[in-house]
Amino acid sequence: MRLLLSLLIVAALAAPLRAQDPMAARTKGSLTAPVTVYEMSDFQCPYCARFALDIFPTLEVEFIQTGKVRWIFVNFPLPMHDNAVSAAQVAMCAAQQGKFWPVHDLLFRNQKVWAPLEAPGEYLLTFADSASLKSGAFKDCLTTGATRAEIESDAQAAVRSGAASTPSFYIEGGIMAGAQPLEIFRPILDSIYAVKTAPAK
């Protein structure tokens, strides 16, 4: 039963990876990487910002760029964060132009500026210039709420996977919660990679 549940969760999270789906724009790494990590994150979460800015860059160099890991960002805006959905919409509208990751970095880097604002929309729009987005299409995407359903779908999939806080990581059938340090991530990813690539007996 547990195995079946894990397979269903993987299917729910992986379904958006079909061709022409915007999730492709928020994926890093080779499609043939032996290990897949789903990062369930909230752009207004300070722990998520710490992970994105201090930990993820090293993981990217050591595991993603080396072909060991495919990394997929899953939106999981928490209800106590008033501006989290707006920030996720900004990132997802940027994803439609292939600029998810630059805007992802801008959101986390400037989190302390936009997070406390009562109306962050005007400030968040400035990311269009910073990320060289087509401003008209970007504004239209935000105005129409074109990505809202996808963000809600992401959040539902995160809950189904067992995530209850951010950041959380779904790694090959298991959940790890928190912005864990490199000393925690490295042995976990190394051991899973070793198992996945071990020669068949």
Side-chain angles (χ1 to χ4, degrees), residues 1-43 45 47-76 88 91-92 94-96 98-105 108 150-151 153-201:
M1 183 67 181
R2 188 175 181 83
L3 176 59
L4 177 59
L5 180 60
S6 293
L7 291 172
L8 289 173
I9 291 168
V10 170
L13 287 170
L17 286 174
R18 291 188 295 268
Q20 299 183 345
D21 194 289
M23 187 173 263
R26 47 196 167 109
T27 299
K28 284 193 173 189
S30 170
L31 289 173
T32 60
V35 181
T36 300
V37 176
Y38 293 90
E39 175 194 352
M40 290 159 281
S41 184
D42 173 334
F43 283 109
C45 161
Y47 300 104
C48 298
R50 182 195 305 168
F51 173 79
L53 300 176
D54 298 339
I55 301 167
F56 182 67
T58 301
L59 292 177
E60 182 174 7
V61 170
E62 294 183 6
F63 293 95
I64 298 172
Q65 293 178 4
T66 55
K68 295 179 178 179
V69 171
R70 179 176 55 149
W71 198 277
I72 301 168
F73 185 97
V74 178
N75 291 289
F76 191 23
M92 295 305 295
Q96 292 188 352
K99 295 292 182 70
F100 173 83
W101 290 105
V103 171
H104 162 282
D105 294 349
F108 281 127
E150 188 176 2
I151 293 166
S153 178
D154 267 16
Q156 291 167 7
V159 170
R160 289 197 300 273
S161 78
S165 61
T166 56
S168 289
F169 307 88
Y170 186 84
I171 309 174
E172 299 294 338
I175 284 281
M176 181 172 70
Q180 301 296 336
L182 291 168
E183 291 74 19
I184 298 294
F185 265 103
R186 281 189 181 116
I188 290 173
L189 294 178
D190 280 336
S191 63
I192 295 173
Y193 176 78
V195 170
K196 300 275 282 188
T197 58
K201 294 182 179 179

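These numbers come from the heavy atoms of this one structure, side chains and all, not from hydrogens, waters or symmetry mates. Here the structure is a predicted model, which means the values were calculated and not measured.
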For this session: Would you please name every residue forming a side chain to side chain donor-acceptor pair (under 3.5 Å) with Trp71, sequence neighbours left out?
Result: Glu39
Seminar exercise, completed: Hits for side-chain contact (heavy atoms from CB on, under 4.5 Å) against Glu60, two or more places apart or cross-chain, chain-then-number order -> Lys28, Phe56, Ile64, Gln65
For this session: Report the distance from atom OG of Ser161 to atom CD of Gln156, rounding to the nearest 0.5 Å.
Result: 12.5 Å
For this session: Answer yes or no: is there a side-chain heavy-atom contact under 4.5 Å between Val74 and Ser41?
Result: no
For this session: Taking all heavy atoms of Ala179 and all of Tyr47, pick out the closest pair and write down the distance.
Result: CB-O, 3.5 Å
Exercise. Heavy-atom distance under 4.5 Å between the side chains of Ile171 and Ile192, does that happen here?
Worked result: yes
Exercise. Heavy-atom distance under 4.5 Å between the side chains of Leu189 and Leu59, does that happen here?
Worked result: yes
Exercise. From Met40 CE over to Thr166 OG1, what is the distance, rounded to the nearest 0.5 angstrom?
Worked result: 10.5 Å
Exercise. Any ion pair linking Asp154 and Arg26 (charged N to carboxylate O, less than 4.0 Å)?
Worked result: yes
Exercise. Listed by chain and number, what are the side-chain contact (heavy atoms from CB on, under 4.5 Å) partners of Ser191, not counting sequence neighbours?
Worked result: none
Exercise. Got a sec, which residues hit side chain to side chain donor-acceptor pair (under 3.5 Å) with Thr36, two or more places apart in sequence or on another chain?
Worked result: Arg70
Problem set entry | Distance in Å, Tyr38 OH paired with Ile72 CD1, rounded so as to fall on 0.5 Å steps | 4.0 Å
Problem set entry | Pro167 side chain reached by Phe169 side chain, heavy atoms, under 4.5 Å | yes
For this session: Find the distance between OG (Ser165) and CZ (Phe76) and round it off to the nearest 0.5 Å.
Result: 7.5 Å
For this session: Could you tell me which non-hydrogen atom of Ala94 sits nearest to which non-hydrogen atom of Val103, and how far apart they are?
Result: CB-CG2, 3.4 Å
Exercise. Is the centre of the Phe185 ring less than 6.0 Å from the centre of the Phe63 ring?
Worked result: no
Exercise. Quick one: side-chain contact (heavy atoms from CB on, under 4.5 Å) partners of Thr66, sequence neighbours excluded?
Worked result: Lys68
Exercise. What residue pairs, at least two apart or across chains, pass side-chain hydrogen bond (donor to acceptor under 3.5 Å, both in side chains) with a residue in residues 176-189?
Worked result: Glu62-Arg186
Exercise. For Pro34, which residues count as a side-chain contact (heavy atoms from CB on, under 4.5 Å) partner, sequence neighbours excluded?
Worked result: Tyr193, Lys196, Thr197
Exercise. Is the Phe73-Phe100 ring centre distance short of 6.0 angstrom?
Worked result: yes
Problem set entry | Under the side chain to side chain donor-acceptor pair (under 3.5 Å) test, residues paired with Thr32 that sit two or more places apart | Ser30
Problem set entry | Set of residues satisfying ring-ring contact (aromatic ring centres under 6.0 Å, His included) with respect to Phe108, sequence neighbours excluded | Phe43, His104
Problem set entry | Nearest non-hydrogen partners of Asn75 and Ala88, listed with the distance | OD1-CB, 3.6 Å
